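Below, all heavy atoms of this structure are taken into account, side chains as well, without hydrogens, waters or symmetry copies. This one's a predicted model, so the numbers in the text were calculated from it and none came from an experiment. Lettering of chains follows the sequences in order, A, B, ..., and the numbering in each one begins at 1.
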Amino acid sequence: MDETKESDTSRHFLRQWIEEDHAAGRTGGTVVTRFPPEPNGYIHIGHAKAVCVDFGMAKLFGGECHLRLDDTNPAKESDEYAENIKNDIRWLGFQWSGAGDSGEPGFYNASNMFDAMYQIAEELIRRGQAYCCNLTQDEWKEYRGVPEKPGRPSPSRDTDPERNLRIFREMRDGKYADGEWCLRAKIDMASPNIHFRDPVIYRIRHVSHYHLGDKWCIYPMYDFAHPIEDALEGVTHSMCTLEFEVHRPLYDWVVDRMDEQGLLVVRNGVKIRPQQREFARLNITWTVMSKRLLLQLVTEGHVSGWDDPRMPTVCAMRRRGFTPGAIREFCDRVGVTKVESESDPALLEWCVREELNRTALRRMAVLDPVKLVIENFEGTRDVEVPNNPLDESAGTRKVPFSKEVWIDRADFMEVPEKKFFRLAPDREVRLRGACIVKCTGVEKDADGKITTIRCTWDEGSWGGNPSDGRKVKGTIHWVDVATGVKAEVRLYDRLFTVPDPLRDGSDGFLKYLNPDSLKTVTAYVEPALATAASGERFQFERTGYFVVDSKDSKPGAPVFNRTVTLKDGYKPA
RNA sequence: UGCCCGGUUGUGUAAUGGUCAGCACAGCGGCUUUUGAUGCCGCUUGAGGAGGUUCGAAUCCUCCCCGGGCAACCA
């Protein structure tokens, strides 16, 4: 992304918000943002948008963006997820920066702040702003009341700080079972905002933490932990999704308490008060984005894994052949607003084609081969074709050509429909880069399936143009039978058959799985492709963009994944 | 229903009291083309509703309608 591009970026509301704060001096000279994933799954295209916003805003203002693993619930988190998240963000083209809390610049674990959080909680208790409560979850729900009616205070609400401090320490020391006690902030049981009705801020969880082991058996809740993490890191602008909007008053409450306790970071003489704002998450039609549902697709075997190229995860899109630049461009184009919307995957596909059209080397591959015999052609010749007609610096390559070539079945019609201008009996077509051929007949098997197409070539047309200047409109791709290489090609289509797989709720989405979302074919590809390197991207001419599969491809036995088809303007009349 | 948020062409968005309401994607038509690709040109379609403020409203106000969120010891 170059600089002129950034200045073109829309001045969305978050950008204006940061701009004003920064200009007013509230950032202490440095805009600090953060991307705070919970390491309980792989990140998907929706997270990618958040990554672009969080890192993008920091970059725009010359500030820093922290990567913080929000690992406050050990039950669902793992190191495997943590490592993959870091890898995916790097691949997307972003680098975290800032001090960091463990020697790695810009990298933080919420769990590394557990000591500080604990101290803050104790101080809350001392100040009478938090208390230990032993209501059961059911009782707690009942006491809390419903939104339209005030709740009732817990019997523990006005107990003595010393007693609460003792119980809280006993909670920490493992004296109690899960759920027996919890720590609650003392705010307002009558608030119309449910989150203010003395929210739980610490709960007991006798679970090993993937990062800290058994050091703790009490863990802070998100609403308590998140503002502390932001404040301690000196984050100025904390951007999250819309559903956290009603949590914002609580976020501010915690920041206020930290201020009272003198814990806010001071940068260049300015006390840094982190602020939260919310924007709409990215939704895309024809897929599902919830971590839970994606996990279900994986565990039930509907896809081959988190990186199955049909998944909307970043690792899957990488394997599918999408480029980081295209994903960034897509996130940029969908914009940043508070409107809940559903983006069309066609835009993402357009972004991919736009980049790959400029950068991908052209190759020829026949996905559904039928043999074409050129009766009057003798010997072998090399055809020289450009690697990318749009980019002369990509050079040319030589492709062997001889009497027998494979062509795609779709490029021949025994009885051509209207407006079909490829090969048909008695008709002429150009073999890309080679010559003009004229169909003289077909051979069929017992079932009537065409096994061979016969033709003759115009000897004056070597290179592609007939010597007499007559127009031949159709050009088709081919692969030489003698030197072509067999390859496995995986043709991907959308995972679901409807734009809204959750139309019946999250239980019924499996019945909309597209049975044709993956078709595997054995293709013939030109010899140059036999040794293509893992991750290399190509345009198979007239077909689509393909990438060498990073897991299954081997030299001499290549495997290609179709990233996206080429646009097809052919419409039979 | 208590509180909070949001409604601009099919989709995603721009505008910050003054533009014929702009752009992109999609769709449709045409030109070019040794990829029916790319490129280029053109076209269709929009302010949820009703009032009000104002010389002037997509923009400000009121009410209504519609959509979403919040009532885990998840994040």
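The side chain of A:M221 lies closest to B:rC74, out of B:rC74, B:rC70, B:rC25. In this structure, the nucleotide among B:rU35, B:rA72, B:rA75 sitting nearest to the side chain of A:K141 is B:rA72. Comparing B:rG69, B:rG7, B:rA71 by their closest approach to the side chain of A:V339 singles out B:rG7. The side chain of A:V146 lies closest to B:rA71, out of B:rG36, B:rA71, B:rA37. In the set B:rC73, B:rC74, B:rG36, the nucleotide with an atom closest to the side chain of A:K76 is B:rC74. Closest approach to the A:W140 side chain among B:rC74, B:rG36, B:rC73 is made by B:rC73 (side chain taken as heavy atoms from C-beta onward). In the set B:rG2, B:rG12, B:rC73, the nucleotide with an atom closest to the side chain of A:P147 is B:rG2. The side chain of A:E340 has B:rG68 as its nearest neighbour among B:rC73, B:rG69, B:rG68. Distances from the side chain of A:E148 to the nucleotides B:rC73, B:rA75, B:rG2 place B:rG2 closest. If you check B:rA24, B:rA37, B:rG6 against the side chain of A:K338, the one that comes closest is B:rG6.
An OP1 or OP2 oxygen of B:rG36 is reached within less than 4.0 angstrom by a side-chain nitrogen or oxygen of A:R542. A sub-4.0 Å separation between OP1 or OP2 of B:rG12 and a side-chain N or O of A:S343 is absent. Residue A:R144 places at least one side-chain N or O under 4.0 Å from the OP1 or OP2 atom of B:rA72. In this model, the phosphate group of B:rC3 is not approached by any side-chain N or O of A:S191 to a distance below 4.0 Å at OP1 or OP2. For A:R205, a side-chain nitrogen or oxygen approaches OP1 or OP2 of B:rC74 to under 4.0 Å.
Classification of A:K175 and A:E180 as a salt-bridged pair fails, no side-chain N sitting under 4.0 Å from a carboxylate O. Comment: A:R432 engages A:E541 in a salt bridge, judged by a side-chain N to carboxylate O separation of less than 4.0 angstrom. The pair A:R542-A:D408 does not count as a salt bridge, with every side-chain nitrogen at least 4.0 angstrom from each carboxylate oxygen. Remark: A:E278 engages A:R248 in a salt bridge, criterion side-chain N to carboxylate O under 4.0 Å.
The residue A:R362 sits close to a base: some heavy atom pair falls under 4.0 Å. Contact annotation for A:L566: base contact, defined as any heavy-atom pair under 4.0 Å involving a base atom. Here A:H247 lies in heavy-atom contact (under 4.0 Å) with a base. Within the 4.0 angstrom heavy-atom criterion, no nucleotide atom of any strand lies near A:L356. As judged by a 4.0 angstrom heavy-atom cut-off over every strand, A:T72 is placed among residues touching the sugar-phosphate backbone only. Contact annotation for A:Q137: base contact, defined as any heavy-atom pair under 4.0 Å involving a base atom. Residue-level contact check: A:E245 touches the backbone only, with heavy atoms under 4.0 Å from sugar-phosphate atoms and none from bases. Note on A:D223: nothing from the nucleic acid sits closer than 4.0 angstrom, heavy atoms only. Using a 4.0 Å heavy-atom criterion, one finds that A:P37 contacts no nucleic acid atom at all. As judged by a 4.0 angstrom heavy-atom cut-off over every strand, A:F244 is placed among the base-contacting residues. Among the atoms of the strands shown, none is found under 4.0 Å from any heavy atom of A:N193. Among the heavy atoms of the strands, none lies under 4.0 Å from A:Y219.
A gap of 26 Å separates the C1' atoms of B:rG17 and B:rG12, to the nearest Å. Rounded to whole Å, the P atom of B:rC64 lies 42 Å from the corresponding atom of B:rA26. For the C1' atoms, the distance from B:rA21 to B:rC61 is 22 Å, rounded to whole Å. B:rU19 sits 9 Å from B:rA58 when the P atoms are compared, rounded to a whole Å. Rounded to whole Å, the C1' atom of B:rG46 lies 24 Å from the corresponding atom of B:rG52. Between the P atoms of B:rG42 and B:rA24, the separation comes to 11 Å (whole Å). Rounded to the nearest Å, the gap between the P atom of B:rC73 and that of B:rC63 is 34 Å.
Checked by atom type, the side-chain pair A:D198/A:Y131 shows a donor-acceptor distance below 3.5 Å.
Taking the six-membered ring where tryptophan is involved, the planes of A:F538 and A:F540 are essentially parallel, since the angle between them stays under 30° and well short of 60°. By the 30° and 60° cut-offs, the orientation of the rings of A:Y118 relative to A:F168 is parallel. Note on ring orientation: taking the six-membered ring where Trp is involved, the planes of A:W181 and A:Y176 are tilted (angle from 30° to 60°).
Applying the 90° cutoff around 0 to the glycosidic angle, B:rA72 is assigned syn.
Position along RNA chain B of the nearest nucleotide to A:V472 versus A:Y222 favours A:V472 as the more 5'-ward residue. Both A:C133 and A:R430 sit near RNA chain B, but only A:R430 has its closest nucleotide nearer the 5' end.
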Worksheet entry | Worked verdict on A:Y251 versus A:H247 for ring-ring contact (aromatic ring centres under 6.0 Å, His included) | CA-CA 6 Å; A:Y251 182 100; A:H247 295 242; over 10 Å; no
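The distance between atom CD of A:E541 and atom P of B:rU38, rounded to the nearest whole Å, is 14 Å. Between the CZ atom of A:F196 and the C1' atom of B:rG2 there is a distance of 16 Å, given to the nearest Å. Rounded to an integer number of Å, the gap from A:R358 CZ to B:rU38 C1' is 12 Å. Straight-line distance from the CG atom of A:N357 to the P atom of B:rU33: 18 Å, rounded to whole Å. What separates CZ of A:R277 from C1' of B:rC4 is a distance of 14 Å, to the nearest Å. With rounding to whole Å, A:I476 atom CD1 is found 17 Å from B:rA37 atom P. A:L294 has its CG atom 20 Å from the P atom of B:rA75, to the nearest Å. Remark: C1' of B:rA75 and CZ of A:R203 are 9 Å apart, rounded to the nearest angstrom.
A pairwise comparison of heavy atoms in A:I85 and A:E38 identifies CD1-O, 4.0 Å as the closest pair.
Helical stems involving RNA chain B, defined as 3 or more consecutive Watson-Crick or G-U pairs under 3.5 Å, span B:2-7 with B:65-70, B:10-13 with B:22-25, B:27-31 with B:39-43, B:48-52 with B:60-64.
Side-chain to base pairing of A:R333 with B:rU13: no donor and acceptor N or O lie closer than 3.5 Å to each other. Judged by distance alone, with hydrogens and angles left aside, A:E342 brings no side-chain donor or acceptor close enough to the base of B:rU11 to form a pair under 3.5 Å.
Only one option out of A:R203, A:M221, A:H209 pairs with A:N73 in a side-chain contact (heavy atoms from CB on, under 4.5 Å); it is A:R203.
Aromatic pair A:Y81/A:Y210: ring centres not closer than 6.0 Å.
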